[in-house]
Structure formats: structure tokens, C-alpha cells
Amino acid sequence: MPNTLLSYFPPSMRFMLLSALAFSLMTACVKLVSTHNIPVFEIVAARGIISLLISYLDIKRKKISAWGNNKKLLTARGVTGTLALICVYYAVTTLPLAEATLLQYTYPVFTAILAFFFLKEKIQRSTLICIMLSLLGLLVMVMPNLSLFSIGESSSAEALPWFGVMLALLGALGSAIAYVIVKRLSKSEDSSVIIFYFPLIALPLSLILLGDDFVMPNTEALVLLIFVGIFTQIGQVGLTKAMQSEAATKVTAFSYSQVVFSIILGFVIFSEVPSIWTLSGGALIILGALVNIFGSKRK
């Protein structure tokens, strides 16, 4: 029975589940460390230091070149990933955890479009249904709280800040571009090299943007920063391996499971109680993921 159930979850989807959980824990740590007045650029830099060290040791273990074959595309992946990360971190620090994750998780739509045009990948019916249900879920969860739909003082008080919303969406677009680049790089580059280039670009860029705003972290903040780097590395490994073994559109659609993890963490850690809209939208997202799994199984 367990083996039969497990057969519905191919390795690519298992890697994406691991990645989604790790990234959810990472964003929770980012939100926690921001309460210590640590600047976003400093959080990105700390993540870069830890990821760079772990990635380099992994490359040494494999005894391969750290610089890869397609340096231009690897650099482009690092730059777009870093800019997307900065946007996502700002959104996480200014929005409730669930809403920040949900807005950022519009990226599978961008990924599907980009993969169709640049990777010539066909969008299967089950993946298309999954994306449509997931987007509907996102709208159900987010629209009632947006300022555009708020009427009167009582409703506008719950409106999401537009700056945070726009940064989350920009982060989603940047993530989609980075993931499509990863998919193309996976044909010629080792996964460890792809992962290595991210912190290689993110660290110096974030330090330049940080400037003189460095804040010395206390013990608790330092521990959280370390966990940000560790969970990031786990998430990156899971994501890269998932993208190497499955179509980009199908894998990223299944990654909506991070939304569920974020809702749970938001409630447990930050006492953010999901509204009926959040729960309804989450149900649609889960339904979309199930359609993606079982629909692809019958192909």
C-alpha cells in the first residue's frame, strides 16, 4: 500500500516537496530575523555566505570545476535570482507570511509561459488545470484584502500595502525567469555548479546594496541568519534536482505546496489566523496539485 501511494509521487515531485518545506522554513526565519531590525540586504548577504560555503564544499566533494561551461547564462541566473530574492524578502517582512508566499507563488504562471516560448515545452492539460485552479485560489485569498476592493474604513484597515504586493509579484516574475534558466542550464551544468553561482552573485551584490547599514546581530538573530542559509541550501538542492528531472511547468505547479506550509507556520509562529478566504483559496490550490499528480499519472 505505501509503495502504491508513493508511486504517484515521482522523484521530481518529492524533491519539490522537500524544497517547498525548506523555503517555507527559510521565509519564517527571514520574518523572525527582521524583527531584530536586520536589513534585508544583510539577510541576503548572510544567506549568501552560508550557501557559498556549502556549495563550494559540495563542488570540491564532487571534484568538478566550480565555474561551469555556460558562464554567461550561469551569471544571468545568479543576477535574476538575487534580484527576485531581494523582492521576496522585502515582501515577507512587510506582509503576513501566507499572503507574501501566495503572491510570490504566481510565478508558475510566468514559468509556464516562459517555458513554452523559450524551452518549447508543451503544457499538459493536467498542468494547465492545476495552474488555473491555483490562480483562482490565489485570487480568492488575496483580492478581498487588496486596497482596490476595500470600501470604507473598516475594510481598508485590513488592506495589504501595495509596495509589498508589487515587490512580491516582481519577485515571482524574477523567480520564473531564474527557474527557466535553470532548466536550460541543467542540460550542460552539474546541479552543484548551478547552485554555487547563486550565492556567488548574491553575496557581493547584496553587500554593495547594504552599504553602511550593517547591523550587528545578537545571538538569536545570528542563529536565525544561519538557519536562513541552511534552509535555503536545502530548498535550492531540492528545486534544482526537481527541475532536472521533470518539465518546468509541471514541477513548478506542484510547488504550490509551500503555500500550505506557510499558512501553518504563520499560524504557529506568528499567530496569523487564516481567514475563510485564505482557507477557501488554499483548498483550491491543494485541489490543483492533486489534479496535477493524478492527471499526469494517467498520461
Heavy-atom side-chain contact between Lys62 and Ser191 under 4.5 Å: yes
My understanding is that only residues two or more places apart in sequence, or in another chain, count here; which of them pass salt bridge (charged side-chain N to carboxylate O under 4.0 Å, His left out) with Lys60? none
side-chain contact (heavy atoms from CB on, under 4.5 Å) filter on Leu53, not counting sequence neighbours, yields Leu57
Distance-minimising heavy-atom pair for Ser34 and Lys31: OG-O, 2.6 Å
Among pairs that include at least one residue of residues 164-174, which meet side-chain hydrogen bond (donor to acceptor under 3.5 Å, both in side chains), considering only residues two or more places apart or in two chains? none
Test side chain to side chain contact (heavy atoms under 4.5 Å, CB included) applied to Leu203 and Val44, Ile50, Ile208, Leu52, the passing residue: Leu52
Shared hydrophobic cluster, Val182 / Met16 (ILVMFWY, side-chain heavy atoms < 4.5 Å): yes
Just verifying a value: how many Å separate Ile194 CD1 and Lys183 NZ, rounded to the nearest 0.5 Å? 10.5 Å
Can you name the residues that form a side-chain contact (heavy atoms from CB on, under 4.5 Å) with Cys87, not counting sequence neighbours? Leu167, Leu170
Heavy-atom closest pair, residues Leu210 and Pro39: CD1-CB, 4.0 Å
Check Ile234 against Ala22 and note the closest heavy-atom contact, atom names and distance. CG2-CB, 3.8 Å
When every non-hydrogen atom of Gly174 is compared with those of Ala84, the smallest separation belongs to C-CB, 3.6 Å
Rounded to the nearest 0.5 Å, how far apart are CZ of Phe198 and CG of Leu85? 5.0 Å
Tell me the side-chain hydrogen bond (donor to acceptor under 3.5 Å, both in side chains) pairs involving residues 80-98, sequence neighbours left out? Arg47-Tyr89
Can you name the residues that form a side-chain contact (heavy atoms from CB on, under 4.5 Å) with Ala283, not counting sequence neighbours? none
Within 6.0 angstrom of Phe270 CZ, more than 12 heavy atoms from elsewhere: yes
Calculate, to the nearest 0.5 Å, the distance between atoms CD1 and CG belonging to Ile38 and Leu32 respectively. 12.5 Å
Minimum side-chain heavy-atom gap Leu136-Met132 below 4.5 Å: no
Please lay out, stage by stage, how Glu42 and Asp213 fare under the test side chain to side chain contact (heavy atoms under 4.5 Å, CB included). CA-CA 8 Å; Glu42 186 173 338; Asp213 296 330; over 6 Å; no
Heavy-atom side-chain contact between Ser206 and Ile86 under 4.5 Å: no
Please enumerate all residues that pass side-chain hydrogen bond (donor to acceptor under 3.5 Å, both in side chains) together with Ser24, with sequence neighbours excluded. none
Under 3.5 Å, is there a donor on one side chain and an acceptor on the other for Ser188 and Asn69? no
Say you draw a straight line from CD1 of Ile195 to CG of Leu200; how long is it, rounded to the nearest 0.5 Å? 13.5 Å
How would you list, by chain and number, every residue that makes a side-chain hydrogen bond (donor to acceptor under 3.5 Å, both in side chains) with Thr27, sequence neighbours excluded? none
Is there a path of hydrophobic side-chain contacts, each under 4.5 Å between heavy atoms, that joins Val237 and Ile59? no
Lys/Arg cation over aromatic Tyr197: Arg77, 6.0 Å, 45° cone: no
Without placing hydrogens or testing angles, list every side-chain donor-acceptor pair under 3.5 Å for residues 216-233, not counting sequence neighbours.
residue: Asn218; atom: OD1; partner: Glu220; partner atom: N; Å: 3.3
residue: Asn218; atom: OD1; partner: Ala221; partner atom: N; Å: 2.8
residue: Asn218; atom: ND2; partner: His36; partner atom: ND1; Å: 3.4
residue: Thr232; atom: OG1; partner: Val228; partner atom: O; Å: 2.6
residue: Gln233; atom: OE1; partner: Ser51; partner atom: OG; Å: 3.4
residue: Gln233; atom: NE2; partner: Ser55; partner atom: OG; Å: 3.0

Where is the tightest heavy-atom contact between Pro199 and Pro204, given as atom of each residue plus distance? O-CD, 4.1 Å
If only atom types and distance count, is the side chain of Ser19 paired as donor or acceptor with the main-chain N or O of Gly235 below 3.5 Å? yes
Glu189 versus Asn70, closest heavy-atom pair with distance: OE2-N, 2.7 Å
Taking atom CG of Leu74 and atom CD1 of Ile201, what is their separation to the nearest 0.5 Å? 9.0 Å
Quick one: list whatever passes side-chain hydrogen bond (donor to acceptor under 3.5 Å, both in side chains) with Glu272, sequence neighbours left out. none
Taking atom CZ of Phe267 as the centre, report whether more than 12 heavy atoms of other residues, nucleotides or ligands fall under 6.0 Å from it. no
Residue list, side-chain contact (heavy atoms from CB on, under 4.5 Å) with Val88, at least two apart or on another chain: Val92, Gln104
Partners of Phe261 by ring pair (Phe, Tyr, Trp, His ring centres under 6.0 Å), sequence neighbours excluded? none
Would you say Ile43 ends up clustered with Leu83 if hydrophobic residues are merged whenever their side chains have heavy atoms under 4.5 Å apart, either directly or through other cluster members? yes
Between the CD1 atom in Ile54 and the OG atom in Ser192, the distance rounded to the nearest 0.5 Å is 12.0 Å
